[in-house]
Amino acid sequence: KILIAYIMVKALFFKEWIKTRGVFLISLIAIAAVSAYAVLMMSRLIQLKGVEHLWLIMMLKDNSFVDTLKYLPAIAGIALAIAQMAPEMAQKRLKLTLHLPYPQNALVAIMLCTGMVELLVIYALQLAIIGIYDSTILPVELVTRVLLTMVPWSLAGFTAYLFTCSICLEGTWKRRIILSLIGLAVMFIYYLQPALEAYNGMLALIIIFICLTAILSFGSIIRFKEGRQ
């Protein structure tokens, strides 16, 4: 039984990977390219005016030089969710998936975990590129400040992914509209404060909220099985 369960889980992860690999790779390349562009802009400024000028702007004007990356995590999260969940509904695959000899909640969890892990890889690459470069030109305090400014953007990406998944899996348009409006309101909060490290005191609460947001997809699946389409 353990072997059969292992094979089933492996097959489910592979099925989700097949659906998302294109968007995953495009998102990975796009975020790496824009991160590299941000690094090049900082390097160019240092060449023209020196690293002291860069430090001065960062400390006095609250400029992290990574604003070009602000919305990319959310875009990647939305795109990945659509690539993963939209075919399940559009091509009537979800009903077949739910009839597999595997617990329903575990199936949904595997689907969501696949997307979350892929996003984690994308966001980790973004943070690594900026963090590694900044550590060569900035003191630890400023590097930490930049990374903590970027972390909420990654959390916004996870939130966007989970809301989009629940919207795609929802069978009724009325509830889809409600979820979309709630999702937009929540996403707006992530970008409400432009100051560096503005969300430090809320990071733990945001992580808890993201975990709770995953429940929405389970609810959409339950409604789908009840025939609310």
Side-chain angles (χ1 to χ4, degrees), residues 19-20 23-24 26-28 30-35 38 62-89 108-109 111-127 130 145-221 223:
K19 290 188 293 182
T20 58
V23 172
F24 169 74
I26 291 172
S27 298
L28 196 69
I31 280 186
V34 178
S35 300
D62 270 354
N63 191 334
S64 62
F65 292 95
V66 291
D67 282 348
T68 51
L69 298 167
K70 181 179 291 187
Y71 301 107
L72 286 181
I75 294 171
I78 293 171
L80 192 69
I82 292 173
Q84 185 179 11
M85 302 302 180
E88 295 287 338
M89 300 299 286
V108 180
M111 294 169 74
L112 296 179
C113 283
T114 303
M116 296 287 276
V117 169
E118 291 179 8
L119 289 177
L120 183 62
V121 172
I122 293 170
Y123 302 156
L125 176 64
Q126 174 182 268
L127 291 169
I130 299 299
R145 197 177 188 194
V146 171
L147 294 180
L148 285 174
T149 300
M150 295 174 63
V151 166
W153 302 342
S154 297
L155 296 179
F158 288 122
T159 304
Y161 168 77
L162 290 173
F163 265 106
T164 307
C165 284
S166 65
I167 292 166
C168 289
L169 294 173
E170 176 57 44
T172 63
W173 278 104
K174 180 180 178 180
R175 194 171 177 87
R176 282 181 182 175
I177 292 171
I178 293 172
L179 287 172
S180 299
L181 293 175
I182 295 173
L184 286 173
V186 171
M187 293 303 297
F188 178 75
I189 294 173
Y190 281 102
Y191 304 104
L192 197 59
Q193 295 292 335
L196 301 185
E197 297 185 276
Y199 294 89
N200 280 6
M202 300 173 57
L203 291 179
L205 289 175
I206 292 173
I207 292 172
I208 293 172
F209 175 78
I210 290 172
C211 294
L212 294 175
T213 304
I215 297 173
L216 294 173
S217 292
F218 290 88
S220 294
I221 290 293
R223 290 167 58 80

Considering residues at least two apart in sequence or located in another chain, which fulfil the side chain to side chain contact (heavy atoms under 4.5 Å, CB included) criterion with V117? none
With A83, which residues qualify under side chain to side chain contact (heavy atoms under 4.5 Å, CB included), at least two apart? V23
Test side chain to side chain contact (heavy atoms under 4.5 Å, CB included) applied to L28 - qualifying residues, sequence neighbours left out: F24, V121, I122, L125
Of all heavy-atom pairs linking C168 and A81, the shortest is SG-O, 4.5 Å
Ignoring hydrogens, what is the shortest heavy-atom contact between Q126 and S35? Give both atom names and the distance. CG-OG, 3.7 Å
For L212, which residues count as a side chain to side chain contact (heavy atoms under 4.5 Å, CB included) partner, sequence neighbours excluded? I208, I215
With rounding to the nearest 0.5 Å, note down the distance linking CZ in R223 to OG1 in T172. 4.5 Å
So side chain to side chain donor-acceptor pair (under 3.5 Å) across residues 173-188, not counting sequence neighbours, yields E170-R175
Hey, does L155 have a side-chain heavy atom less than 4.5 Å from the side chain of F209? no
May I ask you to test the L162-L216 pair for a side-chain heavy-atom distance under 4.5 Å? no
Could you list all the salt bridge (Lys or Arg N to Asp or Glu O under 4.0 Å) pairs where at least one residue sits in residues 63-74, not counting sequence neighbours? none
Results of side-chain hydrogen bond (donor to acceptor under 3.5 Å, both in side chains) for Q84 - residues two or more places apart only: E16, Y161
Does any part of the side chain of V66, heavy atoms only, come nearer than 4.5 Å to the side chain of T149, both counted from C-beta? no
Just list the side-chain donor-acceptor pairs under 3.5 Å for residues 194-206, sequence neighbours left out, or say none.
unit_1, atom_1, unit_2, atom_2, d
E197, OE2, N200, ND2, 2.9
Y199, OH, I189, O, 2.5
Y199, OH, Y190, O, 3.1
Y199, OH, L192, N, 3.1
Y199, OH, Q193, N, 3.1

Are side-chain heavy atoms of W153 and Y191 found at a separation under 4.5 Å? yes
Any salt bridge (Lys or Arg N to Asp or Glu O under 4.0 Å) involving residues 198-218? Give me the pairs, sequence neighbours left out, ordered by first then second residue. none
Run the side-chain hydrogen bond (donor to acceptor under 3.5 Å, both in side chains) test against S64 and tell me which residues pass, sequence neighbours left out. none
Results of ring pair (Phe, Tyr, Trp, His ring centres under 6.0 Å) for Y123 - residues two or more places apart only: F158
Summary of side chain to side chain donor-acceptor pair (under 3.5 Å) pairs that have at least one residue in residues 205-218, sequence neighbours excluded: none
What are the two closest non-hydrogen atoms of S154 and L127, and how far apart are they? OG-CD1, 4.5 Å
Examine distances only and state if a side-chain atom of S220 and a backbone atom of S166 form a donor-acceptor pair shorter than 3.5 Å. yes
Tell me, do M85 and T164 make a side-chain contact under 4.5 Å, heavy atoms counted? no
Kindly compute the distance separating CD1 (I130) from CZ (F65), expressed to the nearest 0.5 Å. 12.0 Å
